[in-house]
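Below: one structure, written as C-alpha coordinates.
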Amino acid sequence: MRQVLNKIEGIADSYIYVHSDKLTHKSIIAFVVGDNLSGQEIRKMSGKLLPSYMVPNQCICIDYLPLNKNDKVDKEKHLQKKIFPAAKNCHLPKTETEK
(Lines give C-alpha, C1' and ligand atoms only; values in the text may rest on other atoms or scores of the structure.)
Protein backbone atom coordinates (compact mmCIF):
# COMPACT_ATOMS: atom_id res chain seq x y z
CA MET A 1 0.00 0.00 0.00
CA ARG A 2 2.84 2.38 0.83
CA GLN A 3 4.38 1.80 -2.58
CA VAL A 4 1.10 2.78 -4.23
CA LEU A 5 0.81 5.98 -2.19
CA ASN A 6 4.40 6.91 -2.97
CA LYS A 7 3.64 6.67 -6.71
CA ILE A 8 0.98 9.39 -6.45
CA GLU A 9 2.25 12.68 -7.81
CA GLY A 10 2.97 15.12 -4.98
CA ILE A 11 3.74 12.48 -2.37
CA ALA A 12 7.40 12.18 -1.43
CA ASP A 13 7.05 9.50 1.24
CA SER A 14 4.42 7.86 3.39
CA TYR A 15 3.90 5.60 6.36
CA ILE A 16 0.86 3.42 6.95
CA TYR A 17 -0.42 2.87 10.48
CA VAL A 18 -3.31 0.57 11.40
CA HIS A 19 -5.12 1.88 14.46
CA SER A 20 -7.29 -0.48 16.52
CA ASP A 21 -9.79 0.75 19.06
CA LYS A 22 -11.22 -1.15 22.03
CA LEU A 23 -14.02 -2.61 19.93
CA THR A 24 -11.49 -4.16 17.50
CA HIS A 25 -12.49 -1.68 14.82
CA LYS A 26 -9.44 -1.05 12.66
CA SER A 27 -8.76 2.03 10.61
CA ILE A 28 -5.91 2.74 8.22
CA ILE A 29 -4.09 6.00 8.79
CA ALA A 30 -1.67 7.31 6.18
CA PHE A 31 1.04 9.73 7.28
CA VAL A 32 2.09 11.57 4.14
CA VAL A 33 5.08 13.75 3.34
CA GLY A 34 4.44 15.79 0.25
CA ASP A 35 2.97 18.77 -1.51
CA ASN A 36 -0.37 20.42 -0.85
CA LEU A 37 -2.77 17.54 -1.27
CA SER A 38 -5.95 17.15 0.71
CA GLY A 39 -6.79 13.92 2.44
CA GLN A 40 -9.81 13.64 0.17
CA GLU A 41 -7.59 13.95 -2.93
CA ILE A 42 -5.23 11.27 -1.65
CA ARG A 43 -8.13 8.95 -0.84
CA LYS A 44 -9.61 9.52 -4.30
CA MET A 45 -6.32 8.86 -6.10
CA SER A 46 -5.46 5.83 -3.98
CA GLY A 47 -9.01 4.51 -4.49
CA LYS A 48 -8.26 4.21 -8.20
CA LEU A 49 -5.20 2.07 -7.47
CA LEU A 50 -6.19 0.09 -4.37
CA PRO A 51 -9.13 -2.09 -3.38
CA SER A 52 -11.63 -0.19 -1.22
CA TYR A 53 -10.63 -1.96 2.00
CA MET A 54 -7.04 -0.71 1.58
CA VAL A 55 -7.84 2.98 1.01
CA PRO A 56 -6.72 4.98 4.07
CA ASN A 57 -9.49 6.13 6.38
CA GLN A 58 -7.46 9.19 7.42
CA CYS A 59 -4.58 11.11 5.90
CA ILE A 60 -2.30 13.19 8.07
CA CYS A 61 0.38 15.34 6.46
CA ILE A 62 3.68 15.73 8.23
CA ASP A 63 6.88 17.55 7.32
CA TYR A 64 9.05 14.44 7.55
CA LEU A 65 8.95 10.87 8.77
CA PRO A 66 10.65 10.77 12.18
CA LEU A 67 13.26 8.03 12.43
CA ASN A 68 14.69 6.37 15.51
CA LYS A 69 18.37 5.51 15.97
CA ASN A 70 17.88 2.34 13.89
CA ASP A 71 16.55 4.34 10.92
CA LYS A 72 13.02 2.99 11.37
CA VAL A 73 9.94 5.17 11.60
CA ASP A 74 9.50 6.26 15.22
CA LYS A 75 5.76 5.72 15.45
CA GLU A 76 5.59 5.53 19.23
CA LYS A 77 7.21 8.85 19.94
CA HIS A 78 5.92 11.12 17.22
CA LEU A 79 3.26 9.74 14.91
CA GLN A 80 0.76 8.49 17.47
CA LYS A 81 0.54 11.99 18.94
CA LYS A 82 -0.77 13.23 15.60
CA ILE A 83 -3.52 10.64 15.17
CA PHE A 84 -6.06 12.35 17.43
CA PRO A 85 -7.37 14.80 16.57
CA ALA A 86 -6.72 13.81 12.98
CA ALA A 87 -6.34 16.48 10.37
CA LYS A 88 -9.39 17.03 8.19
CA ASN A 89 -7.25 17.93 5.24
CA CYS A 90 -3.70 17.43 4.25
CA HIS A 91 -2.20 20.89 3.77
CA LEU A 92 1.32 21.55 4.92
CA PRO A 93 1.98 24.77 6.85
CA LYS A 94 3.29 27.57 4.65
CA THR A 95 3.89 30.58 6.88
CA GLU A 96 5.80 30.84 10.14
CA THR A 97 2.52 31.37 11.99
CA GLU A 98 1.06 28.15 10.56
CA LYS A 99 4.24 26.22 11.48
key: Plane angle bin for F31 and Y15 - parallel if under 30°, tilted between 30 and 60°, otherwise perpendicular   =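 Y15 vs F31 ring planes: tilted.
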Qualifying side chain to side chain donor-acceptor pair (under 3.5 Å) pairs, either residue in residues 42-57, two or more places apart =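 Counting only pairs at least two positions apart or across chains, no side chain to side chain donor-acceptor pair (under 3.5 Å) contact touches residues 42-57.
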ask   = So do I62 and V33 actually touch side chain to side chain, heavy atoms under 4.5 Å?
value =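 Yes, close enough: below the 4.5 Å cut-off.
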Within-4.5 Å side-chain heavy-atom neighbours: I29 and I60 =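 When only atoms from C-beta onward are counted, I60 and I29 do touch, with a gap below 4.5 Å.
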List the atom of [X], the atom of [Y], and the distance in Å for their closest heavy-atom pair.
X: S20; Y: K26; answer: OG-CG, 3.4 Å
X: S14; Y: L65; answer: O-CD1, 3.7 Å
X: L5; Y: I11; answer: O-CD1, 3.4 Å
X: M45; Y: L37; answer: CE-CD2, 4.0 Å

inquiry  = Once side-chain hydrogen bond (donor to acceptor under 3.5 Å, both in side chains) is applied, do any residues pair with N68, and if so which ones, sequence neighbours excluded?
reply    =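 By the side-chain hydrogen bond (donor to acceptor under 3.5 Å, both in side chains) rule, N68 matches no residue at all.
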request  = List in chain and number order the residues that pass side chain to side chain contact (heavy atoms under 4.5 Å, CB included) with M54, two or more places apart in sequence or in another chain; answer none if no residue qualifies.
outcome  =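 For M54 the side chain to side chain contact (heavy atoms under 4.5 Å, CB included) partners, ignoring immediate neighbours, are M1, L50, P51.
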task = Please lay out, stage by stage, how V55 and I28 fare under the test side-chain contact (heavy atoms from CB on, under 4.5 Å).
result = CA-CA 7 Å; V55 175; I28 300 171; over 6 Å; no
inquiry  = Quick check for you: to the nearest 0.5 Å, what is the distance between C59 atom SG and E41 atom CD?
reply    =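 Rounded to the nearest 0.5 Å, the SG-CD separation comes to 10.0 Å.
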request  = Show your reasoning for whether side-chain contact (heavy atoms from CB on, under 4.5 Å) applies to D74 and L67.
outcome  = CA-CA 5 Å; D74 193 350; L67 302 178; over 6 Å; no
